[in-house]
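Worksheet: one structure, shown below.
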Amino acid sequence: MRNILQNFVPVVGLLSIYGSVESSSSPGIKPIWNATWTDNLKRDLFMNYDKFARPEEYYNTTNVEIGLTILHIDVQEVKSTMTIHGWIKFKWNDPKLRWNESDYGGLTTIHVADHEIWQPDVVLYNSAAGNTIDHYGNTHSILSSNGDVLWVPPYQFTVFCAFDLTSWPLDQHTCPVTIGSWTYDGNKINLDIWNGEGITLEMYMLNHEWDIVDTHLKRNEKIYVCCPEPYVDISYNITIARKSPMHKAIVVTPVTVIVLLTLATFWLPPAAGEKILLNGVVAVVIWLYMFYLYTLMPAMTFNTPSVVFFLNSCLYLVGFSTVIAVVVISLSRNKYALAMPWAIKSALDGRFGKLLGLHFLQVQPNTQQRSEELREPPFEDNNTPDDRHMIHPVSKSSSQQDWVVLATAIDRLSFIVYCFLYVILATIYCV
């Protein structure tokens with residue numbers, strides 16, 4: 001008897017629960033909680049709704065409008081990537097989610113979660129984030145009575161970007177952002193541009209290093225060899241430019257100083273040993289500066305910045321300038337027993353010397369040379385008129401002065417050649 005009662009009690013309980021459920025669902029009986037028009041609408045809409053099935057018939061097309069709003073960009077040159085933060089707008093029509101407003105208290109729109117309804121599988125084609133497919137945040141959508149769905153989630157796109165640093169720090173780069181349906185062709189999901197507009201930059205927060213200078217978008221239809229159906233995608237081309245004021249200060253000024261110091265070595269006195277010292281200092285400065293630039297930018301195999309080539313050329317020119325300085329110092333300090341060849345001396349005393357400004361040059365002999373002149377006997381013993389027109393031997397001090405003038409001529413001619421070379425290098429690499 002006790003076992004019969006134990007089996008009977010659960011049965012009675014189940015019957016009472018079933019009866020209460022039926023009585024609560026019967027008309028005229030108020031449920032235990034107050035349902036709103038939204039509750040009733042969502043219950044009716046999603047009772048048999050399949051969020052994984054495209055809302056249109058298989059022979060119809062679902063039109064999806066897409067708009068892009070950029071809030072911020074983050075550029076990583078080492079990884080050749082650009083990350084874009086912003087909002088993306090989707091709009092499509094779902095015929096299975098329509099209702100009559102008068103049946104639900106005049107309700108025109110409701111908010112639904114992203115996991116409750118069907119959403120187009122629009123993803124980033126050229127993603128640099130590996131196998132990450134979910135680019136959007138989990139935000140609600142706005143559903144209208146006519147079936148229109150508006151979904152504006154935040155997004156984070158990381159795309160590959162081919163950086164060309166040839167014009168660094170005045171470089172510009174165009175990074176494409178291509179989005180499209182991952183599984184549906186254009187006959188199933190047709191992507192279109194939001195109201196014919198491009199990228200919205202009204203809420204863009206400025207980057208400390210990069211500016212967006214241009215945006216261009218294009219709708220593409222591609223037909224692949226495997227499939228006759230067209231596949232639709234939208235390409236957003238974003239052109240960014242580096243903010244150059246700070247980089248001009250750390251590039252243009254040091255390079256200008258390096259050029260001026262290299263040219264200044266040619267205006268030191270021919271016998272000054274500081275020429276070699278100054279060239280050595282300039283060479284070390286160039287090497288350190290090139291190493292500093294290496295820390296600022298990634299090592300690019302095919303796109304080496306022009307400023308690096310310019311500094312590399314400057315380093316070669318400083319090396320040749322050091323060789324010229326050694327020759328000039330040797331000419332001005334050594335004592336030569338032979339006089340300067342007549343052809344060279346006549347050129348230095350003629351128009352060529354005047355072009356180099358050598359006629360303004362006055363070489364003062366040193367004390368040792370003057371003492372040797374006083375110890376040498378005079379060459380003119382007779383002051384007859386006939387002897388005045390004779391060519392007399394040249395003193396050692398006069399010969400040494402000629403070699404100093406030649407050294408000065410080499411310096412000034414090198415200065416002109418170097419100015420010409422620097423203009424050519426600046427035109428090739430910096431303009």
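Just so we're clear, the structure is a prediction, and the values are computed from it rather than from any experiment. Residue numbers start at 1 and run along the sequence shown.
Within 6.0 Å of CH2 in Trp87 there are 12 or fewer heavy atoms belonging to other residues, nucleotides or ligands. Surrounding CG of Asn48 are at most 12 heavy atoms belonging to other residues, nucleotides or ligands under 6.0 Å away.
To the nearest 0.5 angstrom, Phe160 atom CZ is 13.0 Å from Met82 atom CE. How far CG of Leu107 is from OG1 of Thr109: 6.5 Å, rounded to the nearest 0.5 Å. Leu315 CG to Leu311 CG: the interatomic distance, rounded to the nearest 0.5 Å, is 9.0 Å. For the atom pair CH2 of Trp151 and NZ of Lys89, the computed distance is 15.0 Å after rounding to the nearest 0.5 Å. In this structure, Asp192 CG and Asn195 CG are separated by 9.5 Å, a value rounded to the nearest 0.5 Å. Rounded to the nearest 0.5 angstrom, Leu201 CG and Ile212 CD1 are separated by 5.0 Å.
The heavy-atom pair separating Pro176 from Asn126 by the smallest distance is O-ND2, 2.7 Å. Heavy-atom minimum distance, Asp171 versus His173: OD2-NE2, 2.8 Å. Summarising the geometry of Ile223 relative to Pro230, their closest heavy-atom pair is CG1-CA, 3.9 Å, with the distance given to 0.1 Å. Nearest heavy atoms, Ile73 versus Ile70: CG2-CG2, 4.1 Å. The shortest non-hydrogen separation linking Asn220 to Ser235 is ND2-OG, 3.0 Å. Closest of all the heavy-atom pairs between Leu71 and Gly86 is CG-CA, 3.6 Å.
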For Thr183 and Asp121, what are the C-alpha separation, side-chain angles and deciding distance, and is it a side chain to side chain donor-acceptor pair (under 3.5 Å)?
CA-CA 7 Å; Thr183 58; Asp121 60 339; 2.6 Å; yes

Could you walk me through whether Thr158 and Thr83 satisfy the side chain to side chain donor-acceptor pair (under 3.5 Å) test, starting with their C-alpha distance in whole Å, then the side-chain angles of each, then the deciding distance to 0.1 Å, before giving a yes or no?
CA-CA 4 Å; Thr158 301; Thr83 302; 3.2 Å; yes

Might you work through the side chain to side chain donor-acceptor pair (under 3.5 Å) test for Thr174 and Thr239, ending with a clear yes or no?
CA-CA 4 Å; Thr174 300; Thr239 302; 3.1 Å; yes

The test is side-chain contact (heavy atoms from CB on, under 4.5 Å); show your working for Val251 and Tyr289 and say whether it passes.
CA-CA 9 Å; Val251 173; Tyr289 189 63; 3.7 Å; yes

Begin with the C-alpha distance, continue with both residues' side-chain angles, and end with the deciding distance and a verdict on side chain to side chain donor-acceptor pair (under 3.5 Å) for Thr62 and Glu56.
CA-CA 7 Å; Thr62 301; Glu56 294 282 354; 4.9 Å; no

For Ile240 and Asp211, what are the C-alpha separation, side-chain angles and deciding distance, and is it a side-chain contact (heavy atoms from CB on, under 4.5 Å)?
CA-CA 5 Å; Ile240 57 177; Asp211 277 334; over 6 Å; no

What do the steps show when you test Trp118 against Asp50 for side-chain contact (heavy atoms from CB on, under 4.5 Å), and what is the final call?
CA-CA 8 Å; Trp118 176 89; Asp50 185 4; over 6 Å; no

Walk me through it: do Leu317 and Tyr422 pass the test side-chain contact (heavy atoms from CB on, under 4.5 Å)?
CA-CA 9 Å; Leu317 291 178; Tyr422 278 128; 3.7 Å; yes

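One N or O on the side chain of Lys51 and one on the backbone of His115 form a donor-acceptor pair closer than 3.5 Å. A donor-acceptor distance shorter than 3.5 angstrom exists from the side chain of Lys243 to the backbone of Asn207, with no hydrogens or angles considered. Of the possible polar contacts, none joining the Arg412 side chain to the Phe415 backbone as a donor-acceptor pair under 3.5 Å is found. Side-chain atoms of Arg219 come within 3.5 Å of backbone atoms of Leu191 as a donor-acceptor pair (strictly under, hydrogens ignored). Under a 3.5 Å cut-off, the side chain of Ser144 and the backbone N or O of Gly147 do not form any donor-acceptor pair. Counting only distance, with no hydrogens or angles, the side chain of Asp114 and the backbone of His140 share no donor-acceptor pair below 3.5 Å. Formation of a donor-acceptor pair under 3.5 Å by the Ser313 side chain with backbone atoms of Phe309 is found in this model. In this structure, Asp185 contributes its side chain and Asn187 its backbone to a donor-acceptor pair below 3.5 Å. The backbone N or O of Tyr125 lies less than 3.5 Å from no partner atom in the side chain of Trp182, so there is not a single donor-acceptor pair. Although no hydrogens or angles enter the test, the distance criterion places no donor-acceptor pair under 3.5 Å between the side chain of Arg242 and the main chain of Gln172.
Taking the side chain as every heavy atom from C-beta outward, Tyr236 and Ile234 approach each other to under 4.5 Å. The closest side-chain heavy-atom distance from Arg54 to Lys96 is not below 4.5 Å. At a threshold of 4.5 Å between non-hydrogen side-chain atoms, the residues Ile142 and Ile110 do not count as touching. Inter-residue side-chain proximity for Ser80 and Cys161 is flagged as unmet; no heavy-atom pair is nearer than 4.5 Å. By the 4.5 Å heavy-atom criterion applied to side chains, Val257 and Val285 are not counted as neighbours. Contact check for Ser141 versus Ile117: side-chain heavy atoms found under the 4.5 Å cut-off. Using a 4.5 Å heavy-atom cutoff, the side chains of Phe90 and Tyr136 are in contact. Within the 4.5 Å cutoff, side-chain heavy atoms of Trp194 are placed close to those of Lys91.
Between Tyr204 and His72, the ring planes are parallel. Angles under 30° get that label, and only those over 60° would be called perpendicular. Between Phe46 and Tyr49, the angle of the ring planes goes over 60°, which puts this pair in the perpendicular group of the 30/60° scheme.
Checked against side-chain contact (heavy atoms from CB on, under 4.5 Å), Ser321 has the following partners two or more places apart in sequence or in another chain: Thr265, Phe266, Asn279, Tyr418.
With salt bridges taken as basic N to acidic carboxylate O contacts below 4.0 Å, one links Glu116 and Lys42.
A side-chain donor-acceptor contact under 3.5 Å links Asp39 and Thr36. If you check the side chains of Asn93 and Arg98, you find a donor sitting under 3.5 Å from an acceptor. Using modelled atom types and a 3.5 Å distance limit, the side chains of Asp44 and Tyr104 yield a donor-acceptor pair.
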